[in-house]
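One structure is given here, and the rest of the page talks about it.
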Number of protein chains: 2
Amino acid sequence: MTATIQTISPSCSDCPIRHRAVCARCEMDELERLEEIKYYRSFEAGQTIIWSGDKMDFVGSVVSGIATLTQTMEDGRTQMVGLLLPSDFVGRPGREGAAYDVVATTDILMCCFRKKPFEKLMSETPHIAHRLLEMTLDELDAAREWMLVLGRKTAREKIASLLSIIARRDASLTGDGGVRPMVFDLPLTREAMADYLGLTLETVSRQISALKKDGVIHLEGKRHVTVPDMGRLMEEAGDDSDGGVFA
Amino acid sequence: MTATIQTISPSCSDCPIRHRAVCARCEMDELERLEEIKYYRSFEAGQTIIWSGDKMDFVGSVVSGIATLTQTMEDGRTQMVGLLLPSDFVGRPGREGAAYDVVATTDILMCCFRKKPFEKLMSETPHIAHRLLEMTLDELDAAREWMLVLGRKTAREKIASLLSIIARRDASLTGDGGVRPMVFDLPLTREAMADYLGLTLETVSRQISALKKDGVIHLEGKRHVTVPDMGRLMEEAGDDSDGGVFA
DNA sequence: CGGAATGTTGAGAGTTGTCAAACAGCGTGG
DNA sequence: CCACGCTGTTTGACAACTCTCAACATTCCG
């Protein structure tokens, strides 16, 4: 149950998220200063990395693995408000407490910085602040996109939206061009998908079965998904699909 | 239908949003540089300020009035993803196109900057970039809070949540301490509330009537609201209310 | 005064949630 | 090796909430 703290720090230049994380824009000298204050922590699947309301004394980047941001009401209803993939940033410079629970969905490795030194470094190195603003704007866009899904889409459209987002993100990580049949693994349980989509897990299960029956997706086991026609999936998601893929 | 462009620029130091907007942290010399490139535009209620997908060539702050950020699906379903009040920032430095429609809900006055000069200024004055990051983080928090409302709350809780947010924001503007009976005007039509909450306007109307019948709120006309007991309203919203008010 | 926009209320339908049962996969231990 | 129990998933029946369609009331403004 304890997080492992690794004192050995692989070099930033070898880091798999070097070009996408908060440090993406750093020059060599800035990287060196970051390197001085960074440390790695790993968490096991299921572990809570940060509790909502707790004082945050570190910020950091996801190096590998997946985590979720969730909010919970007093009676237990929970809503996922973010999905953290490699290179995503955790923590909010300038804020005292954490606003959400951060939970490791898979085993996860994080590159951490103590908050105070990071804030100081940030105020001195515009490249970090600038990249963080850019990433925060991206997250805001993603959150607003998700508001449309939560507020206006049907259960079937919600599932299709989630699948198409995961498919696209997977493609961007593996460098896949988005060619015809896309294949990926669902990183979330039915319950986690339900929390993401504002549904119950039963409805998630039913809609996945329905999409499978209608040939929009193929399933191998519970988690391995094949999408024969991305355009079809995006239609099901209610997204403006037309443009792009076959052009 | 045309936006008025005012060439006369009142001084920044007299500006009502001086201490809350993106310029809040600026020193006098930075303010002067902003002053050089700023101009005012006013829009009438109902006018679209920015169309989703359009090239954005300016950014700016709401000085007075209210605007909304909305997304629309092909079949017309729309979801509001942001409510812009005085001091809120419009536009995304570093991005080409607008991601959402921005529509004036009331007559509105905006303090605008052409995008390129603003971006240049931003890269040279850390106080602006820093404040913008801070504001963007606040917006992200608000968006995520809203995801919980959209995904997990009942219609009644959604209405109560919206009312309590408007009440609190109104109180923070007027400097009201949040004392017992709170009074405010709804800045939105039933339809706009529905688009905000992911409901139909009929459901909005019914739930407002229900809250009124149950004495949670009092109505004078359609828009003027009195909340005799904020704690009660927050309970109805499903929020952790206990702490605070009566302590 | 009349017409358009906004808001309220009712009846019935449909989607999604709730409760319940059963199945599948998987690691543990007898 | 197989029984067992755990977690995750599927499926069914029914209920509940919200939407849809429709009529009517109210307010705003020309």
Side-chain angles (χ1 to χ4, degrees), chain A residues 44-47 68 73 75-79 103 105-106 149-163 185-214 217-225 236 238, chain B residues 44-47 73 75-79 103 105-107 149-163 185-214 217-225 236 238:
Chain A
E44 292 167 24
Q47 230 184 320
T68 63
M73 293 171 66
D75 61 5
R77 283 176 280 176
T78 76
Q79 174 66 50
V103 181
T105 290
T106 64
V149 174
L150 289 171
R152 291 303 186 192
K153 292 195 177 178
T154 65
R156 185 181 176 102
E157 289 170 333
K158 284 179 175 182
I159 297 290
S161 297
L162 179 57
L163 292 176
D185 284 296
L186 289 172
L188 302 174
T189 66
R190 299 289 186 265
E191 185 179 20
M193 290 189 248
D195 284 343
Y196 204 145
L197 297 169
L199 297 170
T200 59
L201 64 90
E202 292 94 330
T203 300
V204 169
S205 182
R206 274 187 254 271
Q207 296 300 334
I208 289 181
S209 297
L211 288 175
K212 178 181 165 190
K213 185 169 71 62
D214 297 345
I217 59 173
H218 297 271
L219 272 184
E220 216 171 304
K222 312 294 185 186
R223 301 289 194 91
H224 194 74
V225 180
E236 292 285 356
Chain B
E44 293 168 24
Q47 228 183 324
M73 294 171 66
D75 61 6
R77 282 177 281 176
T78 74
Q79 174 65 50
V103 181
T105 290
T106 64
D107 289 349
V149 174
L150 289 171
R152 291 304 187 192
K153 292 194 177 179
T154 65
R156 185 180 174 101
E157 289 170 333
K158 285 180 175 182
I159 297 291
S161 297
L162 179 57
L163 293 176
D185 284 296
L186 289 171
L188 302 174
T189 65
R190 299 291 186 262
E191 185 178 21
M193 290 189 250
D195 284 343
Y196 205 146
L197 297 169
L199 297 171
T200 58
L201 64 90
E202 293 95 329
T203 298
V204 169
S205 182
R206 274 187 254 272
Q207 296 299 335
I208 288 181
S209 297
L211 288 175
K212 177 180 165 190
K213 183 167 72 62
D214 297 345
I217 59 174
H218 297 273
L219 274 183
E220 217 171 304
K222 311 297 184 188
R223 299 290 193 92
H224 194 74
V225 180
E236 292 284 356

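Chain naming here is simple, since letters A, B, ... match the order of the sequence lines and numbering starts at 1 in each. What you see is a predicted model; the values in this text were computed from it and never measured. Atom set for the values below is all heavy atoms of this structure, side chains included, hydrogens, waters and symmetry mates excluded.
Heavy-atom distances to DNA chain D give each of A/T189 and B/K153 a nearest nucleotide, and the one nearer the 5′ end belongs to A/T189. Comparing B/G198 and B/K222 by the nucleotide of DNA chain D whose heavy atom lies nearest to each, the residue mapping closer to the 5' end is B/G198.
Rounded to an integer number of Å, the gap from B/E157 CD to D/dA16 P is 17 Å. One atom, CG of B/L186, and another, P of C/dT6, lie 15 Å apart when rounded to the nearest Å. Computed from coordinates, the B/R190 CZ to D/dT27 P distance equals 12 Å when rounded to whole Å. When rounded to the nearest whole Å, the span between CG of B/D195 and P of C/dT6 equals 12 Å. In this structure, A/L150 places its CG atom 13 Å from P of C/dT16, rounding to the nearest Å. When rounded to the nearest whole Å, the span between CG of B/L219 and P of D/dT27 equals 12 Å. The separation between B/R152 atom CZ and D/dC17 atom P is 16 Å, rounded to whole Å. We find that CD1 of B/I159 is positioned 10 Å from P of D/dT18, with the value rounded to whole Å.
Ion pairing between A/E236 and A/K153 fails under the 4.0 Å rule for side-chain N and carboxylate O. Between B/D185 and B/K222 there is no salt bridge, since none of the side-chain N atoms of the basic residue sits less than 4.0 Å from a carboxylate O of the acidic one.
Applying the 4.0 Å criterion to OP1 and OP2 of D/dT9, one finds that A/R223 has a side-chain N or O inside that range.
For the pair A/D214/A/R156, a side-chain contact is recorded, criterion being any heavy-atom separation below 4.5 Å from C-beta on. Under the 4.5 Å side-chain criterion, counting only non-hydrogen atoms from C-beta, A/L150 is in contact with A/Q79.
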Dump the intermediate steps for salt bridge (Lys or Arg N to Asp or Glu O under 4.0 Å) on A/R77 and A/D195, then the final yes or no. CA-CA 9 Å; A/R77 283 176 280 176; A/D195 284 343; over 6 Å; no

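Considering every non-hydrogen atom in both A/V149 and A/K158, the closest pair reads O-CE, 3.3 Å.
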Give the table of side-chain donor-acceptor pairs shorter than 3.5 Å for residues 199-212 of chain A, with sequence neighbours excluded, one pair per line with atom names and distance.
unit_1 : atom_1 : unit_2 : atom_2 : d
A/T200 : OG1    : A/T203 : N      : 3.3
A/T200 : OG1    : A/T203 : OG1    : 3.0
A/S209 : OG     : A/S205 : O      : 3.1

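Nucleic acid contact class of A/G46 (heavy atoms, under 4.0 Å, all strands): none.
The stretch residues 200-213 of chain B comes close to DNA chain D through B/T200, B/E202, B/T203, B/R206, each having a heavy atom under 4.0 Å from the strand.
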